[in-house]
Amino acid sequence: MQEAELHDLSDDADYAASQQEGSASMMRCDSSKLSTSSETEGAEIVYLKDNVAIHPTQYAFERISGRLKLIKQGSALFMTWIPYKRQSTNAKLSEKDRNLYPIRAVPFADVRSIRRHTPALGWQYIIVVLSSGLAFPPLYFYNGGVREFLTTIKQHVFLVRSVEDTNVFLLNDFQNPLQRTLSSLELPRAVPIPSMPSAPVLPRESTSHENQERTDVGISDLFRESHGNGFRPLERRKSNQSDDYSHKPSDDAEGVAVQSPVAPDPVEKVPYREHNRDGEAATNVGTFELISYKEFDKLSLVWGKPRQPPLGLEEWATFLDSEGRVVDSKALRKRIFYGGIEHKLRKEVWAILLGHHTYESTYAERKHQRSIKKTEYETIKSQWQSISPAQAKRFTKFRERKGLIEKDVVRTDRSLSFYDGDDNPNVNLLRDILLTYSFYNFDLGYCQGMSDLLSPILLVMEDESESFWCFVALMECLGPNFNRDQSGMHSQLFALSKLVELLDNPLHNHFKQNDCLNYFFCFRWMLIQFKRELEYEKTMRLWEVLWTHYLSEHLHLYLSVAILKRYRGKIIGEQMDFDTLIRFINELSGRIDLDATLRDAEALCICAGERGADCIPPGTPPSLPVDNGLLYSQQDEVL
């Protein structure tokens with residue numbers, strides 16, 4: 001029987017629980033603790049299960065299946081999970097991609113707990129949480145075997161069931177297993193926390209109370225109210241916690257007095273000097289081997305090249321033939337990438353950039369499609385409009401979504417004249433479009449943040465039906481940002497961590513040393529595409545640049561790296577920890593130089609090249625999902 005395309009793999013509480021435990025997935029442990037060779041003296045495989053899978057994306061057919069083992073060596077018990085070797089030539093994941101995921105030789109002495117999940121629909125899965133607070137990605141048991149897995153562990157290590165949650169099993173809790181509860185798993189419902197794959201790092205020792213306070217302040221700062229719209233503010237920190245914060249962002253990162261030595265930037269903006277025959281570029285930070293000297297020449301050109309003026313009506317006409325088709329879509333995307341679009345032209349061009357209309361469509365075809373789509377929109381809209389009060393009383397999901405949408409739209413961009421004032425009809429249009437979308441895509445429904453993405457589209461399109469279909473097209477790419485299992489955010493933050501590690505290893509090491517490897521401080525950037533970080537006009541300009549997919553469909557990740565690198569001197573020099581960093585990042589709102597940051601992002605994208613592309617798992621938003629079926633066959637040979 002063919003598998004459904006999309007599965008709801010967990011509920012909100014399950015996923016939130018795994019995140020609060022510090023779910024930093026795709027990490028690898030030191031394989032030197034145990035040789036994986038079957039000939040290792042004294043090693044015994046006490047449990048083996050095939051077809052245990054992880055889900056890099058929200059799509060079940062993109063799962064990576066592998067073999068799970070429990071290995072006994074001496075008095076120690078280890079866990080390994082190794083993906084099957086790829087044999088299908090159609091698989092989209094490269095060897096480098098798959099090498100991100102293996103779990104090698106994890107000693108149970110380092111494990112804090114195992115959480116078992118049994119969804120009403122779907123497969124049982126477990127989340128293994130380390131003593132450091134980090135966690136592996138969920139392991140899905142497609143052929144069953146969770147009970148046998150836990151029973152085997154109990155035969156070899158101290159394992160007790162939590163009295164507060166019967167699905168949680170505590171390990172190595174010799175002193176008082178009843179005291180060490182899962183209170184740290186409780187998460188404010190309004191705030192989604194991303195899963196973050198990265199290398200395991202033991203954090204500084206702290207009490208559970210300190211950890212809880214740290215989580216609270218991070219969440220509050222990240223989703224606090226800004227620019228008078230969007231996320232509802234959360235409670236301030238407790239009165240006994242200091243609110244003193246002196247780290248104000250500077251427009252000049254180099255001009256900030258630092259308190260600690262700062263490692264040099266490996267991709268510093270310096271003029272080209274010389275290169276040797278091996279293709280190594282000499283810079284003021286030494287010989288740089290990441291890129292070839294030809295690429296270094298390109299970087300010098302990028303950093304010295306100003307942005308162009310926006311595309312205007314007269315120039316736009318040169319890209320079209322007599323019937324309205326775009327003659328050279330790549331040239332058009334390049335032009336928009338470097339200059340954006342004049343506002344009066346956006347209504348026509350955005351619909352093409354977003355894919356609502358194709359580049360090959362004519363004026364007549366676009367007009368005809370608008371008529372057809374308007375009728376289709378009205379049909380979908382009538383579904384919720386026809387719900388009577390009596391029906392609504394028995395339709396909990398509808399009431400909940402409608403209530404949340406109505407609360408959000410009255411707080412979205414009300415400082416703009418387009419949405420200002422009482423009984424503003426455009427606010428009502430926001431509500432109607434979002435409610436209609438919740439019926440169009442009932443599985444996804446509505447999530448906080450969607451109104452932020454729709455607002456600029458409605459302002460530009462000034463038409464309810466056209467705004468809806470452009471929003472639908474955008475959500476085809478960004479919808480995974482709002483999945484309940486946060487898989488879309490998970491993959492983006494993972495890719496960001498790998499790009500920072502590639503392009504600025506000293507900065508990455510600073511995050512590593514300060515327990516910031518989850519990159520949670522960039523969560524809002526990913527979720528709503530920097531809308532809270534820029535003025536409204538700049539947000540629209542950035543979005544149309546991102547939608548060109550000219551250099552990369554993941555330019556927003558390089559933009560994030562560029563912003564972090566711009567302030568690396570302050571971040572490293574002042575030894576910013578997680579709490580300080582979250583507040584510092586929020587202070588950058590409205591202060592980002594978009595043109596300069598876009599030039600930096602372009603240069604970093606060129607610098608990273610194929611290595612950068614290898615850091616980004618397939619299907620990472622805004623990529624469209626891969627639809628090539630199962631990536632691995634359970635009969636394949638184990639690596």
Side-chain angles (χ1 to χ4, degrees), residues 14 17-18 20-50 52 54 66-82 101-118 124-141 143-185 199-203 205 208 211:
D14 287 344
S18 70
Q20 181 64 18
E21 282 286 310
S23 182
S25 42
M26 317 312 174
M27 57 193 175
R28 294 181 220 150
C29 291
D30 184 3
S31 60
S32 63
K33 295 179 180 178
L34 172 70
S35 171
T36 58
S37 170
S38 59
E39 298 177 359
T40 303
E41 184 177 355
E44 176 189 2
I45 298 174
V46 294
Y47 175 89
L48 186 151
K49 192 68 179 179
D50 279 309
V52 176
I54 66 169
R67 178 172 292 171
L68 179 66
K69 292 181 183 179
L70 295 177
I71 302 174
K72 179 79 170 178
Q73 187 171 27
S75 60
L77 185 69
F78 297 83
M79 180 183 77
T80 68
W81 177 84
I82 307 297
Y101 300 110
I103 301 172
R104 303 181 187 275
V106 178
F108 274 85
D110 294 342
V111 175
R112 176 197 297 175
S113 65
I114 300 172
R115 186 178 181 92
R116 177 182 61 188
H117 298 257
T118 308
Q124 275 194 318
Y125 64 96
I126 62 169
I127 296 175
V128 177
V129 182
L130 299 180
S131 302
S132 63
L134 303 179
F136 290 105
L139 292 169
Y140 291 84
F141 287 68
N143 294 337
V146 172
R147 177 176 295 183
E148 181 185 0
F149 175 78
L150 294 171
T151 300
T152 305
I153 293 173
K154 192 171 184 179
Q155 293 172 356
H156 299 280
V157 299
F158 185 76
L159 179 74
V160 294
R161 189 191 298 265
S162 168
V163 295
E164 296 197 2
D165 189 333
T166 58
N167 286 312
V168 173
F169 299 84
L170 305 175
L171 291 90
N172 307 308
D173 201 352
F174 299 105
Q175 296 181 352
N176 192 342
L178 301 182
Q179 280 188 346
R180 295 182 59 181
T181 67
L182 299 180
S183 59
S184 63
L185 297 181
V201 181
L202 292 177
E205 292 185 2
S208 60
N211 287 337

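One distance of note links OG1 of T152 with CD1 of I45; it measures 12.5 Å at 0.5 Å rounding. Taking CD1 of I71 as the start and OG1 of T80 as the end, the distance is 4.5 Å to the nearest 0.5 Å. In this structure, CZ on R115 lies 13.0 Å from CD1 on I126, to the nearest 0.5 angstrom. A distance of 12.0 Å separates CD1 in I114 from NZ in K154, rounded to the nearest 0.5 Å. In this structure, the separation between CZ on R67 and NZ on K49 is 12.0 Å, given to the nearest 0.5 Å. In this structure, CG on L77 lies 9.5 Å from CG on L171, to the nearest 0.5 angstrom.
In terms of heavy atoms, F78 sits closest to F108 at C-CE1, 4.0 Å. Taking all atoms of both residues into account, the shortest heavy-atom contact from I103 to M79 is CG2-CE, 4.2 Å. Here the shortest heavy-atom pairing between Y47 and G145 reads OH-O, 3.0 Å.
Put simply, the side chain of F141 reaches to within 4.5 Å of the side chain of V52, judged on heavy atoms. When side chains are defined from C-beta on, D50 does not count as touching N143, because their heavy atoms never get closer than 4.5 Å.
With P137 as the partner, the side-chain contact (heavy atoms from CB on, under 4.5 Å) test is satisfied by one option alone out of I54, I127, V128: I54.
With hydrogens and angles disregarded, no donor-acceptor distance shorter than 3.5 Å links the side chain of R112 to the backbone of V129.
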Check the pair F169 / I153 against side chain to side chain contact (heavy atoms under 4.5 Å, CB included), numbers first and verdict last. CA-CA 10 Å; F169 299 84; I153 293 173; over 6 Å; no
